[in-house]
Amino acid sequence: MEEPVIVCENLKYSYSGQDGYAVNGVDFTVAKGEFVSVIGHNGSGKSTLARLINGLLEADEGKVTVFGMDVNEGSNAVEVRKRVGIVFQNPDNQMVASIVEDDIAFGPENIGIDREEIGRRIDWALSAVGMEKYRHSTPAKLSGGQKQRIAVAGVLAIKPEVLILDESTAMLDPRGRREVIDVVRRLNKEEGMTIILITHFMEEALLADRTIVMNRGEIVLSGTPEQIFESGEALETYNLSLPRISVIAENLRSAGMNIGNVLKPEALADEILENLNSRGIYTGESSADCIPESDIKGEWDIDIKNLAYTYSRKSPFAAKALNGINLHIRDGEFFGIIGHTGSGKSTLVQHLNALIKLPQAEKHYRKPKVKKGEPLPALPSVTVGNFDLADKKTDFKSLRANVGMVFQYPEYQLFAETVFADVAFGLKNFNKKLSAEEVEAAVKSSIEIVGLNYDEVKDKSPFDLSGGQKRRAAIAGVIVTKPHILILDEPAAGLDPKGKKEIMELLHKLHREWCKTVIIVSHDMDEVAENCTRAAVISEGEVFACERPSELFSRPEELKRLGLDVPLTAKISTRLGQNGIIVHSDCTVKDFSEKVIEIYSGGGNA
Amino acid sequence: MLNDVTFGQYYPVKSFVHRLDPRFKILALIAYIVMLFVADNFYALGACALVLTAAIIASRVPIGSVLRSVKGIIFILIFTSFLNIFFHKGETVYWQWGIMTVTLEGIIFSGFLILRLFFLVMASSVLTLTTTPVSLTDGIESLLKPLKYIRFPVHELALIMSIALRFIPTLIDETNRIISAQKARGADFESGNIFKRVKAMIPVLIPLLISAFRRAEELGDAMDARCYSGSKNRTKYKKLKFGWRDAFALFFFCALIAGVVLFNIYCYDIFPEIYAYIRIS
């Protein structure tokens, strides 16, 4: 082992006003050039540990030594931060300047580097994150992944030797996440930079040399990713989930297949192949089993035709968001809308409850003038159940009561003094005539269905709830009107794995008992594969495809070209398919495992 | 709703005026405004109009965008010209009713004032249309630099301005998002009297305020982590450069100043017979 660059000895820290230690007796050493990933549920003390290491927080007990310097010694503060850089979660809240190069210059300016050298460092930092072209851009115009890469460049320009990423990928879409992770891996491999990656994504944690698991302020597991993800049960007790790939491997192992502890989809596919080959199983080509689609019209069908939309029309900043969308969502579906940031998916769903109105429904709408002989331009139309959104006279308020919309990070919209008042807000807006008892009954059932204890939370301030509880309360505030259709934009964003699982379970419960149609906007392919009956892929303002997940993900190349990922099961299926094993699964982990086991034990259909 | 407030007025094209040093542009605007008020005759005002026209042409900003800025002051223009036409004292009286008189001098004076305000607003908007808020801040910071010696916190002020600029688009986005979210929950921001509307904004303002504080806290941490410790021993990467374009434009402004001063002095001698109509009293 090389010389240690960071040494933590019996580190303890507690936030004022909170019981117990956020970090409780951590002993932890990082060697030069090492790549360490840190996982743990929300509130396990990961971020606190990061802040203790570079002196943003001062330990109550114990000692942190960075490059031989005691971090708690005030005079070392700047010197420590020069050596240990940290990138935070929200890219928006780390930038001080409106121009990329000015922002990157901020760090070097602070430590008194001269002008020419700052210029060279900006060049180097931008090329290290692959953003040379954006030197004179403004952050507001960049995507999340690009912004976060600029944040990384801003830290790199100080030339640190250790880079800490504190959930820096949590708010990014898959493409942005991949961009940032690629940069981090390259820095580790090529520049020999020491990396501490704090993350909720098990797939990212796998990339490290060493993984540390934190629980209640303590380090409970430490080892290579293979060792850590070997046992699902241990992780389960620390409120973490196994990566999907380990779940599949475990399912197959329990059916008697000889599968090692692999963490890459290709490797798992190869192991499955070996098992099948040893029994001489080939499935060969066979046509996909088609389930005929029903054409029965439901009461609450959504029908969208020729929907186009441009932001800031007639200005030099005009931006086309939607470019002729045609889509039909049936009553009772659990529908997914996929697309990366900027594909137009958020603009699309905002039309469904008339937050963005069709031009014909606007007060001052005038019919476009058409020259004689030319055909009329196709007008956009949207109908939701019996509501015609192109009609000025439509009762939009009643439409909104029936089409609930949960925005991204809904907890940021909580405002009232008590949870009760916040949940009741929407109900009272839509129906002013309700009696106090009726309001209470509706609020109570709404709070209870999202899994909160009514008596416990109703008089609490929404701001005193925990992160996951806040999100539930915010969802309760939308579903309190019992909408027929519930739309959620990235409902699981920013949650830890357990929180994600629980939110998806909640949505299924709502789908069964409360709202007939659920539409989720997501960029997590696994989430869509596991949960949705059908999904539409939106790209560049158009519908690229609208199918069942199993069909959608059977064409991974096309999705990749759009900058989208495919779920893990589809990756393994593709590899198997190339080697003559066709697995017809609906792309969920459970069904995929079962189908593979079926082939294995049934001897296939060859 | 808020999308219509394009932040700042900057018109993104490349032009001679766009590339001028912001410090020069700020000082030139100040000089131009002073000249507008020094000018007391239509010859001098004509010289000002000429320079403004040249600037607008060289800026490649459509004239419509420049004129749009005048819309905001139309009410003031109408109001002041009304006062001037009816209450300005003069010798050639056309109409009289009580204390209200319409005189030749009043009409000339009112026309002069309208043009003066017109040019002033247009010139200011040429500055904001051709200069990004960021370089305006840089310009202001650089111009204020001498105040450091009287212990004025120039660096801190500049940093505050820079961060404010940086977060305006972010907060506008956030406001739009919260408004949409509360609208989806049936909130109504568009009807009712003024008190009702103000009250309706509470569900927007509280989350916005809370988020602004959260952002401020996170930004503080990020700045600390990037070694920020005040203006002590700090260097500055960006340097503004006074280039040939600025020298060229400076020449024009010197000519303008000379022109205005000369016209003011020799106003009578050019065409003595129309002097009464040219000069304001």
Side-chain angles (χ1 to χ4, degrees), chain A residues 51 54 56 77-78 81-82 85-86 88 90 92-99 101-102 105-115 118-119 122 139-140 151 154-155 158 311-312 315-317 350 353 355 397 400-401 404-405 407-408 410 412-416 425-426 429-430 463 477-478 481, chain B residues 3-4 6-7 11-13 65 132-135 137-138 159 162-163 165-170 173-174 177-188 202-208 210-211 214-219 221-230 232-239:
Chain A
R51 278 153 213 255
N54 85 339
L56 287 174
V78 171
R81 286 170 202 169
K82 267 197 225 173
I86 177 162
F88 296 92
N90 189 337
D92 271 326
N93 298 349
Q94 297 177 58
M95 290 185 196
V96 292
S98 306
I99 292 186
E101 65 168 357
D102 293 355
F106 181 73
E109 286 175 342
N110 286 335
I111 52 174
I113 308 289
D114 64 66
R115 277 196 67 229
I118 294 179
I122 294 174
V155 172
I158 306 169
Y311 281 103
S312 327
S315 87
F317 304 102
Q350 288 191 42
N353 69 347
L355 282 175
K397 208 159 186 180
R400 283 179 193 159
M405 170 91 81
F407 278 77
Q408 228 183 94
Y412 293 165
Q413 294 130 28
L414 297 170
F415 70 97
F425 175 70
N429 282 335
F430 286 120
F463 304 108
V478 174
T481 56
Chain B
N3 287 334
D4 299 331
T6 13
F7 160 58
Y11 193 89
V13 286
S65 302
T132 60
V134 178
S135 41
T137 326
D138 288 337
L159 188 67
S162 158
I163 290 174
L165 282 178
R166 155 75 190 80
F167 277 91
I168 284 171
T170 311
D173 278 354
E174 176 130 42
R177 211 169 27 240
I178 298 172
I179 286 177
S180 295
Q182 306 299 28
K183 257 180 162 172
R185 291 167 73 189
D188 187 355
I202 291 176
V204 176
L205 293 178
I206 290 179
L208 192 64
I210 289 171
S211 124
R214 195 188 55 244
R215 286 180 191 280
E217 217 166 279
E218 287 181 22
L219 182 71
D221 266 355
M223 284 168 66
D224 269 347
R226 283 164 77 182
C227 306
Y228 183 71
S229 52
K232 226 175 20 175
N233 302 327
R234 210 167 176 273
T235 48
K236 182 108 183 110
Y237 170 62
K238 189 165 255 177
K239 241 193 194 140

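Reminder, nothing fancy here: chain letters follow the sequence lines and each chain counts from 1.
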- Query: Looking at B:Ala181, B:Ser229, B:Pro203, B:Ala184, which has the largest count of heavy-atom pairs under 4.5 Å with chain A?
  - Reply: B:Pro203

- A:Asp102/B:Lys236 ion pair, N-O < 4.0 Å: no

- Could you check which of A:Ala97, A:Ala416, A:Gly107 has the highest count of heavy-atom pairs closer than 4.5 Å to chain B? A:Ala97

- Query: Less than 4.5 Å apart, any side-chain heavy atom of A:Phe425 and any of B:Arg185?
  - Reply: yes

- If you round to the nearest 0.5 Å, how far is CZ of A:Arg115 from NZ of B:Lys238? 10.5 Å

- Test item: B:Asp188 and A:Asn429 side chains (from C-beta on) under 4.5 Å apart, heavy atoms: no

- Query: Any idea which heavy atoms bring A:Asn93 and B:Ala222 closest together, and the distance?
  - Reply: O-CB, 4.1 Å

- Distance from B:Asp224 atom CG to A:Ile86 atom CD1, nearest 0.5 Å? 11.0 Å

- Item | Nearest non-hydrogen partners of A:Phe407 and B:Arg177, listed with the distance | CD2-CG, 4.2 Å

- If you tally heavy-atom pairs under 4.5 Å against chain B, which of A:Gly85, A:Gly119, A:Ala401 wins? A:Gly119

- Can you tell which of A:Gly477, A:Ala77, A:Pro139 has the highest number of heavy-atom pairs within less than 4.5 Å of chain B? A:Gly477

- Closest-packed option against chain B by number of heavy-atom pairs under 4.5 Å, given A:Ile113, A:Ile111, A:Val155, A:Val78: A:Ile113

- Cation-aromatic face contact B:Arg214/A:Tyr412, 6.0 Å, 45 degrees: yes

- Item | chain A contact via B:Ser162 - which portion, at a heavy-atom distance below 4.5 Å | both

- Message: What part of A:Lys82 gets within 4.5 angstrom of chain B, counting heavy atoms only: side chain, backbone, both, or neither?
- Response: both

- Counting heavy-atom pairs under 4.5 angstrom with chain B, the leader among A:Gln350, A:Lys397, A:Met405, A:Met95 is A:Met95

- Contact class of A:Pro108 relative to chain B, heavy atoms under 4.5 angstrom: backbone

- Message: Testing the basics here: between A:Ile158 and B:Arg226, what is the closest heavy-atom pair and its distance to 0.1 Å?
- Response: CD1-CA, 3.7 Å

- Query: How close do B:Ala225 and A:Asn54 get, heavy atom to heavy atom, and via which atoms?
  - Reply: CB-ND2, 4.0 Å

- Per-residue contact mode, A:Gln408 against chain B (heavy atom under 4.5 angstrom): neither

- Query: Given that the side chain runs from C-beta out, which part of B:Leu205 has a heavy atom under 4.5 Å from chain A: side chain, backbone, both or neither?
  - Reply: neither

- What's the shortest heavy-atom distance between A:Gln413 and B:Pro207, and which atoms? O-CG, 3.8 Å

- For residues A:Asn110 and B:Arg234, determine if any side-chain heavy atom of one lies less than 4.5 Å from a side-chain heavy atom of the other. yes

- Query: Is a donor on one side and an acceptor on the other found under 3.5 Å between the side chain of A:Glu109 and the backbone of B:Tyr237?
  - Reply: yes

- Query: Does B:Tyr228 reach the side chain of A:Val96, with side-chain heavy atoms less than 4.5 Å apart?
  - Reply: no

- Over all atoms of both residues, closest heavy-atom pair of B:Arg215 and A:Asp92: NH1-CB, 3.7 Å

- Item | B:Ile210 versus chain A, the contacting section by heavy-atom distance below 4.5 Å | side chain

- Sub-4.5 Å side-chain heavy-atom contact between A:Ile99 and B:Arg166: no

- Query: Is it the backbone or the side chain of A:Asn353 that comes under 4.5 Å from a heavy atom of chain B, or both, or neither?
  - Reply: side chain

- So how far is it from B:Ile206 CD1 to A:Leu414 CG, rounded to the nearest 0.5 Å? 11.0 Å

- Note on the structure: CG (B:Leu219) and CZ (A:Phe88) are apart, to the nearest 0.5 Å, by 10.0 Å

- Name the region of A:Leu56, side chain, backbone, both or neither, that has any atom closer than 4.5 Å to a heavy atom of chain B. side chain

- chain B contact via A:Phe430 - side chain, backbone, both or neither, heavy atoms under 4.5 Å: side chain

